[in-house]
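Take a look at the structure set out below.
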Amino acid sequence: MLKIYTDSNFLKADNRKKIFPLLFDMVYLPNDKTRSCFVLTDSLSEADIAVFPVDIVSFLKDNKDNFLEKWIERVSEYQIPIWVYAAGDLGFSLKKQMYLLLGLEVLIQN
């Protein structure tokens, strides 16, 4: 089972349209396949991966206090993979190495 760290403050109804697809399957439409493979954790030290909870393209438009960059910096200290999701078509650079999922669905097979 893969332990996922995310900022749970973003897991609310307002963000339903821009939530990371895997988190959507875990929070809004939970199913047995997803639950058997993934679990959320509040602890970075226990996490296998970190997932930025919302689409970074829509998030960067309002990222006034560099929240995304600060979040990535903090998570990077734990040396775990970081997954981010980009649903739009906005050109920008990310300074840290991470996994960028471009509107792809994660398929869970038995």
Side-chain angles (χ1 to χ4, degrees):
M1 179 157 325
L2 200 59
K3 295 178 186 169
I4 298 174
Y5 171 82
T6 194
D7 188 327
S8 57
N9 293 317
F10 288 90
L11 303 178
K12 54 186 178 180
D14 304 14
N15 293 326
R16 186 179 171 112
K17 291 184 179 181
K18 57 186 177 181
I19 203 78
F20 189 99
L22 176 59
L23 296 178
F24 186 90
D25 288 349
M26 295 176 72
V27 176
Y28 298 104
L29 295 174
N31 63 64
D32 291 337
K33 286 185 181 181
T34 304
R35 287 181 175 166
S36 69
C37 296
F38 305 98
V39 65
L40 293 176
T41 180
D42 292 331
S43 169
L44 272 166
S45 62
E46 292 178 6
D48 299 307
I49 62 167
V51 173
F52 193 73
V54 295
D55 163 33
I56 60 172
V57 174
S58 63
F59 187 83
L60 286 173
K61 293 176 186 175
D62 300 320
N63 191 20
K64 307 276 190 267
D65 60 355
N66 295 322
F67 180 84
L68 175 61
E69 290 83 2
K70 291 175 185 175
W71 188 89
I72 291 170
E73 275 300 316
R74 185 170 55 87
V75 171
S76 294
E77 294 173 10
Y78 291 83
Q79 299 180 0
I80 58 176
I82 299 171
W83 292 3
V84 298
Y85 167 68
D89 186 14
L90 176 68
F92 59 90
S93 297
L94 298 170
K95 296 176 185 166
K96 293 284 183 187
Q97 180 181 354
M98 64 194 74
Y99 299 91
L100 181 62
L101 303 178
L102 300 169
L104 301 175
E105 290 185 29
V106 176
L107 300 177
I108 302 168
Q109 308 234 344
N110 289 340

Handout entry: Test of ring centre spacing under 6.0 Å for Trp83 and Phe52
Key = no
Completion exercise
Distance col, row Lys18:NZ vs Tyr85:OH, nearest 0.5 angstrom, shows 12.0 Å
Exercise for the section: Please name the pair of heavy atoms, one in Met1 and one in Ser36, separated by the smallest distance, quoted to 0.1 Å. Expected result: CE-O, 3.7 Å
Exercise for the section: Nearest 0.5 Å please: distance from the OG atom of Ser45 over to the NZ atom of Lys3. Expected result: 9.5 Å
Exercise for the section: May I have the step-by-step check of side chain to side chain contact (heavy atoms under 4.5 Å, CB included) for Leu23 and Leu40, ending in yes or no? Expected result: CA-CA 9 Å; Leu23 296 178; Leu40 293 176; 3.8 Å; yes
Problem - Heavy-atom pair with the smallest gap, counting every atom of Pro53 and Ile19 - result: O-CD1, 3.2 Å
Handout entry: Atom pair CD (Glu73) and CG (Leu68), whose distance is rounded to the nearest 0.5 Å
Key = 10.5 Å
Exercise for the section: Check for a donor-acceptor pair, side chain of Asn31 on one end and backbone N or O of Thr34 on the other, with a separation under 3.5 Å. Expected result: yes
Completion exercise
For Trp71 and Ala50, the nearest pair of non-hydrogen atoms, with its separation, is CH2-CB, 3.9 Å
Practice task
Check step by step if ring pair (Phe, Tyr, Trp, His ring centres under 6.0 Å) holds for Phe10 and Phe20.
Solution key: CA-CA 10 Å; Phe10 288 90; Phe20 189 99; over 10 Å; no
Practice task
Nearest 0.5 Å please: distance from the CG atom of Leu2 over to the OG1 atom of Thr41.
Solution key: 11.0 Å
Handout entry: Distance (rounded to the nearest 0.5 Å) between Leu44 CG and Ile80 CD1
Key = 5.5 Å
Handout entry: Flag if over 12 foreign heavy atoms under 6.0 Å of CG, Asp14
Key = yes
Practice task
Answer yes if Ile49 and Met26 sit in the same cluster of Ile, Leu, Val, Met, Phe, Trp and Tyr residues linked by side chain heavy atoms under 4.5 Å apart, and no otherwise.
Solution key: yes
Problem - Exam field: side chain Tyr28 to backbone Lys12, donor-acceptor pair closer than 3.5 Å - result: yes
Problem - Shortest non-hydrogen separation from Thr6 to Val51 and the atoms involved - result: OG1-O, 2.6 Å
Exercise for the section: Treating Ile, Leu, Val, Met, Phe, Trp and Tyr as nodes and any side-chain heavy-atom pair under 4.5 angstrom as an edge, say whether Leu29 and Ile4 lie in one connected cluster. Expected result: yes
Exercise for the section: Output yes when a side-chain donor or acceptor of Ser43 lies under 3.5 Å from a complementary backbone atom of Glu46, and no otherwise. Expected result: yes
